[in-house]
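This report refers to the structure that appears directly beneath it.
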Amino acid sequence: MSNTSSLDQSTHWADIHAARIVRERGPKPHYTCASGITPSGTIHIGNFREIISVDLVARALRDRGETARFIYSWDDYDVFRKVPGNIPDAEQFTRYLRWPIVRVPDPWHKQSSYARANEVELESVLPELGVRPHYIYQAEQYQNSVYADGIRTALEQRETIRGLLNQHRTQPLPQHWWPISVFSSFSGKDTTTVIDWDGQWSVRYRCDETGNEEALDLRTTGAVKLLWRIDWPMRWKHEDVDFEPAGKEHHSAGGSFDTARTIAEQVYHQQPPVTFKYDFISIKGSGGKISSSSGEVVSVRDVLEVYQPEVVRHLFAGTRPNAEFAISFDLDVIKIYEDYDKCERIYFGLEDVGEKRRLKEARIYELSQVDSVPAQAPLQIPFRHFCNLLQISAGDIDRVIDAFPGTESMVIADRERLRRRGACGWNWIHHHAPQDFRFTLKSGSEPPLALGNAERAAVAALADEVRARLDVHDEKSLAQAIYDIAAAHQIEAREFFRVMYQVLVGKDQGPRLAGFLITLGSERVLQILRSYQTEDGS
RNA sequence: GGGCCGCUAGCUCAGCUGGUAGAGCAACGCCCUUUUAAGGCGUGGGUCUCAGGUUCGAACCCUGAGCGGCUCACCA
């Protein structure tokens, strides 16, 4: 979809917003798409929705021939408000409360700060998803006095801002209110009181803890920060932001986006960015391993353990941002993969659907790619089948891929995607799949099960059948042979299946038997059954 | 109190720049006795919450009502 006319007709939400940005902001040499968050904890999959939404819209802009930059603001100059439950030595960390998080040490002693630890966790995972924003670190910006003019403007317009904010407050802001907060040079905390501003660049404050007073010059200090509701519109002005979505908690009348919008217009004379509201993400079926109820959050990395990157993108590209949805770790995972594979088949014309549907799915497929769209339809190994093959092969991903028909001629990129899918499948089996789904193949070296004579004879007969004719059977004829053997030994078919699953995988149930035996191949089947063959039942 | 969103098959939802209702699961049936939350094929099932309006035509647009739900009004 390189030509603009087809994108103009696109009904995909990312294209619709891209078109809106160009229309409302007018022609520009480049458009700025923004997002950001306070790195006060692990960036979870709900936060990721904003990031991927911006990435998709930025891509949609580029696809229609515009230049788009994606800036991601880490608000690491925000204060440390409470000690998270998941960090070691939580008690020790209470001493850092009210410090900027960029100065709170990394509890895991790997990064320069707690903020940096959270930043690195996300920054290291985004490239795998094809998301590469330009990061802006607010601590650095403030400490270098980059926003001195913006802060001064807010001080000059203090009463205007107060009036705008009071419109939605139950309690009006107090008389001594200022649109800034100050980090004390004496305590390091933001527990300070602004005393005065000289109308120019000098702000005088008192440290609440030590009682010390000090005057700061906005042009050289790094200690003065705008309050959130003013900081946001100031940055829209500073970066000339054209587009920034926000969560629904910001998007009510009187919410922070609403007040930021009026402050941008009236104080900073900046047209507020095009925006939309995105809904929350919930989690389903985490199998007890990761659940929000236990206080643990689901990180982007956690999702990538189970979903390959294209499928993660597909999840978000294929869902309207204002609809809530659940990320599933249960049996739904299979369907999510099947949906992606189906979308891929539709893109490559391997599956017939109506024209309208085709265009939509094709666009979703494009936006789901980490890099570019594959030149030709990649070989698909369905997720469920992949999981079964992996269990047969003890998790040897390359062996499964090599044994799969058609993989010899595969290009490297396709193979890498399959390997990634295999790794996800293996993780899913071990951490999330229902017990019924899991099995471990017997090796044949275990002591044989104690079976009745008829059962043992039937197993031996099936071994004979496998040895003699497995390669000429198809699934159906082998299934028939299995029933025949059961009947010949006067065993209920149901019981014979149970025995065979016990012999093969030590459970009462397993993958459909005939297909399972064919997949295993005669050599492995006979290996497992060898202790039953040597009995004198023949 | 302000703002926003939803209401479509038994369940979960898709369909929303208006063109005679779709998918998955469930149900039912068939695939030579045919196990399984792990095979294939097929079938049934919906006055699209209600009432008006615009239109040749409305699940979709407008107005109003009912019932979920979310969010802001403290901080960010």
Side-chain angles (χ1 to χ4, degrees), chain A residues 8-13 15-16 19-20 36-38 40 75 77-82 101 165-173 181 190 225-232 246-260 276-280 284 318-320 322-326 328 330-332 334-336 338-339 342 353-354 356-357 360-361 382-389 391 429 433-439 474-484 486-487 491-501 505 507-516 518-519:
Chain A
D8 277 339
Q9 289 160 20
S10 168
T11 57
H12 192 277
W13 60 266
D15 292 318
I16 289 170
R20 223 180 105 210
I37 199 171
T38 297
S40 56
D75 192 2
Y77 214 33
D78 201 358
V79 287
F80 192 56
R81 287 186 176 74
K82 67 175 185 210
I101 51 176
L165 293 181
N166 276 344
Q167 282 177 11
H168 299 283
R169 295 178 63 96
T170 41
Q171 298 285 324
L173 291 163
S181 63
D190 74 339
K225 185 177 190 286
L226 285 171
L227 299 182
W228 158 249
R229 283 181 187 247
I230 301 106
D231 173 75
W232 202 7
K248 59 181 179 179
E249 73 275 25
H250 297 298
H251 258 285
S252 297
S256 58
F257 193 95
D258 193 39
T259 54
F276 64 71
K277 177 178 60 180
Y278 59 88
D279 209 319
F280 298 149
K284 180 168 172 253
T319 311
R320 307 176 97 81
N322 63 356
E324 183 187 347
F325 76 96
S328 296
D330 59 11
L331 240 35
D332 289 355
I334 294 170
K335 182 174 184 299
I336 303 294
E338 279 171 2
D339 287 348
K342 183 170 192 168
V353 291
K356 204 169 170 180
R357 170 92 190 273
K360 188 134 200 169
E361 294 285 343
F383 189 78
R384 174 187 311 204
H385 190 45
F386 211 150
C387 287
N388 282 332
L389 295 175
Q391 293 186 88
I429 293 276
Q435 282 299 330
D436 284 357
F437 207 92
R438 303 183 203 180
F439 63 86
D474 60 18
E475 190 165 338
K476 194 171 176 182
S477 66
L478 180 57
Q480 187 54 49
I482 294 169
Y483 284 103
D484 290 345
I491 309 171
E492 288 287 333
R494 186 182 198 88
E495 174 61 13
F496 187 41
F497 279 108
R498 198 188 66 78
V499 168
M500 284 311 301
Y501 288 123
V505 297
K507 297 171 50 173
D508 283 350
Q509 300 162 0
R512 292 199 127 222
L513 188 56
F516 190 38
I518 290 170
T519 304

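So you know, we letter chains A, B, ... as the sequences are listed, proteins then strands, and number each from 1.
- Counting to the nearest Å, the C1' atom of B:G24 and the CG atom of A:Asp332 are 10 Å from each other.
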Please list, pair by pair, any protein nitrogen or oxygen found under 3.5 Å from a nitrogen or oxygen in nucleotides 67-76 of chain B.
unit_1, atom_1, unit_2, atom_2, d
B:C70, O2', A:Lys248, NZ, 2.6
B:U71, O2', A:Lys248, O, 3.4
B:U71, O2', A:Ser252, OG, 2.6
B:U71, O2, A:Ser252, OG, 3.4
B:C72, O2', A:Gly254, O, 3.3
B:A73, OP1, A:Arg229, NH2, 2.8
B:A73, O2', A:His168, O, 2.4
B:A73, O2', A:Thr170, N, 3.1
B:C74, OP1, A:Thr170, OG1, 2.9
B:C74, OP2, A:Thr170, N, 3.2
B:C74, OP2, A:Thr170, OG1, 3.1
B:C75, OP1, A:Arg169, NH1, 3.4
B:C75, OP2, A:Arg169, NH1, 3.3
B:C75, O2', A:Arg81, NE, 3.2
B:C75, O2', A:Arg81, NH2, 3.3
B:A76, O2', A:Asp78, OD2, 3.2

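- By the side chain to side chain contact (heavy atoms under 4.5 Å, CB included) test, A:Glu324 pairs with A:Asp279, A:Ser282, sequence neighbours left out.
- Residues that satisfy the side chain to side chain contact (heavy atoms under 4.5 Å, CB included) test with A:Ala260, not counting sequence neighbours, are A:Trp232, A:Pro233, A:Trp236.
- Stretches of at least 3 consecutive Watson-Crick or G-U wobble pairs, with each checked distance under 3.5 Å, appear in RNA chain B as B:1-4 with B:69-72, B:10-13 with B:22-25, B:27-31 with B:39-43, B:49-53 with B:61-65.
- To the nearest angstrom, C1' of B:U35 lies 7 Å from OH of A:Tyr501.
- Applying the ring-ring contact (aromatic ring centres under 6.0 Å, His included) rule to A:Phe383 yields the partners A:Tyr337, A:Trp428; only residues at least two apart in sequence or on another chain are considered.
- Looking at residues two or more places apart in sequence or on another chain, you find a ring-ring contact (aromatic ring centres under 6.0 Å, His included) between A:Phe276 and A:Trp13, A:His17, A:Phe243.
- Applying the ring-ring contact (aromatic ring centres under 6.0 Å, His included) test to A:His251 and every residue at least two apart in sequence or in another chain returns A:Phe257.
- Here A:Ala479 pairs with A:Ala514 under the side chain to side chain contact (heavy atoms under 4.5 Å, CB included) rule; sequence neighbours left out.
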What string of B, S and - do you get for nucleotides 29-34 of chain B 5' to 3' if you count protein non-hydrogen atoms under 4.0 Å?
--SSBB
For each nucleotide in nucleotides 57-63 of chain B, reading 5' to 3', give B when a protein heavy atom comes within less than 4.0 Å of its base, S when such contact involves only the sugar-phosphate, and - otherwise.
-------
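- The distance between atom CG of A:Asp339 and atom P of B:C13, rounded to the nearest whole Å, is 15 Å.
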Scan nucleotides 14-16 of chain B against the protein and return all N/O pairs shorter than 3.5 Å with their distances rounded to 0.1 Å.
unit_1, atom_1, unit_2, atom_2, d
B:G15, OP1, A:Arg320, NH1, 3.3

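- With rounding to whole Å, A:Arg384 atom CZ is found 13 Å from B:G24 atom P.
- In this entry the distance linking CG of A:Asn322 with C1' of B:C7 reads 15 Å, nearest Å.
- Going from atom NZ of A:Lys507 over to atom C1' of B:U35 covers 14 Å, rounded to whole Å.
- Taking the side chain to side chain contact (heavy atoms under 4.5 Å, CB included) definition, one finds that A:Arg81 meets it with A:Asp78, A:Val79, A:Arg98, sequence neighbours left out.
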